[in-house]
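Reading through the structure tokens given below for one structure.
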Amino acid sequence: MGLSTFNASHRGLQRRLVGSATPVEPDGNGRIQLPLTLRQVAGLEKNIVFLGMGSRFEIWNEKTLNQKRLEEERSIGEQASEEMAGLVL
């Protein structure tokens with residue numbers, strides 16, 4: 001992780017993210033099951049969405065993602081950086 005360990009808030013974030021990492025093994029069909037604790041923290045229920053983000057992916061509760069997208073659509077003009085202003089979405 002590229003955050004400084006000399007900053008207390010950075011250490012807290014590192015503990016929260018890296019400290020809760022859990023190794024998982026794929027089953028015979030290549031599937032993995034996320035541990036219950038991680039599913040609970042993320043609010044994952046029956047309907048989830050895998051969102052490809054370049055070299056990584058995110059796992060979302062479908063309802064939460066839809067709400068987040070609506071919020072982002074409403075506020076994107078206010079939060080747009082100079083680089084984002086030239087994009088057509």
Side-chain angles (χ1 to χ4, degrees):
M1 210 176 238
L3 298 176
S4 169
T5 56
F6 293 105
N7 181 310
S9 63
H10 290 182
R11 283 192 313 276
L13 179 61
Q14 289 170 337
R15 271 192 301 276
R16 186 175 168 102
L17 297 176
V18 180
S20 56
T22 306
V24 294
E25 293 291 328
D27 68 11
N29 292 317
R31 301 173 296 189
I32 61 167
Q33 182 173 14
L34 297 176
L36 178 61
T37 54
L38 296 180
R39 293 193 314 261
Q40 289 172 333
V41 168
L44 300 179
E45 298 168 355
K46 181 139 178 100
N47 296 323
I48 65 167
V49 176
F50 279 82
L51 202 60
M53 302 289 291
S55 62
R56 62 184 176 87
F57 66 90
E58 297 177 348
I59 305 172
W60 285 82
N61 172 300
E62 184 179 40
K63 289 178 187 174
T64 304
L65 177 60
N66 289 337
Q67 290 170 346
K68 181 75 171 165
R69 284 177 168 167
L70 285 174
E71 291 169 13
E72 289 172 344
E73 286 176 17
R74 289 186 195 116
S75 64
I76 196 159
E78 301 163 6
Q79 299 175 356
S81 66
E82 229 178 271
E83 295 84 5
M84 291 172 62
L87 298 175
V88 177
L89 300 176

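- Residues Arg39 and Gln33 are in side-chain contact: their nearest non-hydrogen atoms beyond the backbone lie under 4.5 Å apart.
- With values rounded to the nearest 0.5 angstrom, Arg69 atom CZ is found 5.5 Å from Leu51 atom CG.
- Rounding to the nearest 0.5 Å gives a distance of 4.5 Å between CG of Leu34 and CD1 of Ile59.
- Separation of atoms CD (Glu62) and CG (Leu65) is listed at 8.0 Å; rounding is to 0.5 Å.
- By the criterion of side-chain heavy atoms lying less than 4.5 angstrom apart, applied directly or through intervening Ile, Leu, Val, Met, Phe, Trp or Tyr residues, Phe50 is not grouped with Met53; the two fall into different hydrophobic clusters.
- For the atom pair CD1 (Ile48) and OG1 (Thr64), the distance works out to 12.0 Å, reported to the nearest 0.5 Å.
- Shortest non-hydrogen contact noted between Ala42 and Asn61 is O-CB, 4.5 Å.
- With sequence neighbours excluded, no residue forms a ring pair (Phe, Tyr, Trp, His ring centres under 6.0 Å) with Phe6.
- If you chain together hydrophobic residues whose side chains sit under 4.5 Å apart, Leu44 and Phe57 fall into the same group.
- The structure places CG of Asn7 at 9.0 Å from CD of Gln14, a figure rounded to the nearest 0.5 Å.
- Distance check, rounded to the nearest 0.5 Å: CG of Leu38 to OG1 of Thr22 gives 4.5 Å.
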